[in-house]
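Below: the structure, in C-alpha cells.
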Amino acid sequence: MIKFAKDQRLRHTFEGMPEYVRFLDEMPGVPLQDVWIDIRPLMGHERLGYPTEKPVALLERILSASSNPGDVVLDPFCGCGTTVHAAEKLGRQWIGIDVTHLSISLIEKRLKDAFEGITFEVHGAPKDLEGARDLSNRDKYQFQWWAVSLVDAVPFGGKKKGADGGIDGHIFFRSGAKTTEKAIVSVKGGGVGVKDVRELIAVVDRERAKIGVYISLEPHTEPMKKEAAGAGLYDGPTGKVPKIQLFTIEELFAGKKPQIPLMERGFKAAAREQRNDQPEFDL
C-alpha cells in the first residue's frame, strides 16, 4: 500500500476507502471510442416487428460499460423491450415503463420466449374483468390494443388512432408452404348486438380474410351466436374451424383462444438466450 501510494497508484473515495488506479495505456486492447461501427444493424432473424427496435448487442454494450451485475437498470420508454432484454441477459435487475399496452404485451412475450422460466411483475395492465372495463372507459384505443394482444394479433395500422374500417387487429397464419392468410380481429368495449357480427362478416368478406375474431366485454346474445354460426366454417390446412369466432374478455382471461390453423404470432418470437452474469468490462 505504501509503494502504491508513492507511485501515485492510490485514490480515496468519498467514504475514505482506497482504490487502485489503472491507466488505459496499460490495459489490453483498444479503448472503446464513441463511434461504434462494429455492431451490425438488425438482421431479419432478430427483428420482432416493432418500428423503433434496436440491436440487443448495442444495449448489451451500453449496459456492460455503465453497470455491474445486480445493478438496477431503468428504461422509462422501453418500447419493444430491448433494454430490459439485455439487462436480463447480463444479470442486471430492471424496470421497464411504457405508456402503451401494445409495448407491454410485446415485452412480456419477448422475455418469456427468450428466457426460460423467467418471472416478473406487470403493473397497470388489466388483471380481471373490472380492470378491463376501467381501461375501456378511460381510453378505448388502449383497450383495443390490449384486447388485441390477448389473441396474439397485430394492432391494425400500427397503433394509429382514428377510423379503422371495422378492423382492430390482424392474425396472420400459414395455409400452405408459401401462402399466408389472415384473420380479422374486431374489439367492442361497449354494448353488443347482432349487427356487430354482421358487420364483422362483411369486413372479413371485403378484406378477403379467412376468419373473423370478435372480442367484447359484454356477454354475447343468442342472436349473435346464431349469426356467427351461420357464417359457416373455414376449411384450413389443419381442419375446419368456425369462420366467425366470438370471445368475451372473461373467456380470454380463462385461457380460451381463437382456433387459428398453424398460427403465427403477430410479433416474431425472440431467440432463446443464455444469461451471462459476468461483466464484460472492469468498472
Item to check | Ion pair check, D38 and R61, cut-off under 4.0 Å | outcome: yes
Checklist outcome for this item: Output for pair (S103 OG, W145 CH2), nearest 0.5 Å, gives 9.5 Å
Next on the checklist: Quick check against the 3.5 Å criterion: does K188 have a side-chain atom that pairs as donor or acceptor with the backbone of G191?
Outcome noted: yes
Item to check | Neighbour count above 12 (heavy atom, 6.0 Å) for E26 CD | outcome: yes
Item to check | Results of side chain to side chain contact (heavy atoms under 4.5 Å, CB included) for Q8 - residues two or more places apart only | outcome: none
Checklist entry - With a 6.0 Å cut-off on ring centres, are H85 and F115 close enough? => result yes
Item to check | Under 3.5 Å donor-acceptor, Q93 side chain and G70 backbone | outcome: yes
Checklist outcome for this item: Taken to the nearest 0.5 Å, the spacing of I184 CD1 from D205 CG works out to 10.5 Å
Checklist entry - Sub-3.5 Å donor-acceptor pair from the side chain of D134 to the main-chain atoms of E130, do we have one? => result no
Next on the checklist: Taking E227 first and then K243, would you say they form a salt bridge - that is, a charged N and a carboxylate O separated by under 4.0 Å?
Outcome noted: no
Checklist entry - Under 3.5 Å, side chain of E207 to main-chain N/O of V204, donor-acceptor pair present? => result no
Checklist entry - Under the side-chain contact (heavy atoms from CB on, under 4.5 Å) criterion, do I211 and V241 qualify, and how do the steps go? => result CA-CA 9 Å; I211 297 171; V241 300; 3.9 Å; yes
Checklist entry - Sub-3.5 Å donor-acceptor pair from the side chain of D139 to the main-chain atoms of Y141, do we have one? => result yes
Item to check | Gap separating the NZ atom of K240 from the OG1 atom of T238, nearest 0.5 angstrom | outcome: 13.0 Å
Item to check | Distance-only polar pair, side chains of R174 and T180, donor-acceptor under 3.5 Å | outcome: yes
Next on the checklist: Test of understanding: with side chain to side chain contact (heavy atoms under 4.5 Å, CB included), list the residues that count as partners of I104, not counting sequence neighbours.
Outcome noted: D98, E108, V122
Next on the checklist: Tell me whether H220 contacts the main-chain N or O of F247 through its side chain, where contact means a donor paired with an acceptor under 3.5 Å.
Outcome noted: yes
Checklist entry - Any salt bridge between R92 and D71, counting N to O under 4.0 Å? => result no
Checklist entry - Do L150 and I260 belong to the same hydrophobic cluster, where Ile, Leu, Val, Met, Phe, Trp and Tyr are linked whenever their side-chain heavy atoms lie under 4.5 Å apart, directly or via other members? => result yes
Checklist entry - Which distance, rounded to the nearest 0.5 Å, do you find between the CG of L90 and the CD1 of I62? => result 11.5 Å
Item to check | Hphob cluster co-occupancy, L111 + V56, side-chain heavy atoms under 4.5 angstrom | outcome: no
Next on the checklist: Centroid separation under 6.0 Å, is that true for the rings of F4 and Y20?
Outcome noted: yes
Checklist entry - Distance from D152 atom CG to K257 atom NZ, nearest 0.5 Å? => result 5.0 Å
Checklist entry - With distance as the sole test, does D168 use its side chain to make a donor-acceptor pair with the main-chain N or O of V187 at under 3.5 Å? => result yes
Checklist entry - Just by distance, do the side chain of S136 and the backbone of A132 share a donor-acceptor pair under 3.5 Å? => result no
Checklist entry - Got a second to check how far R110's CZ is from E53's CD, nearest 0.5 Å? => result 5.5 Å
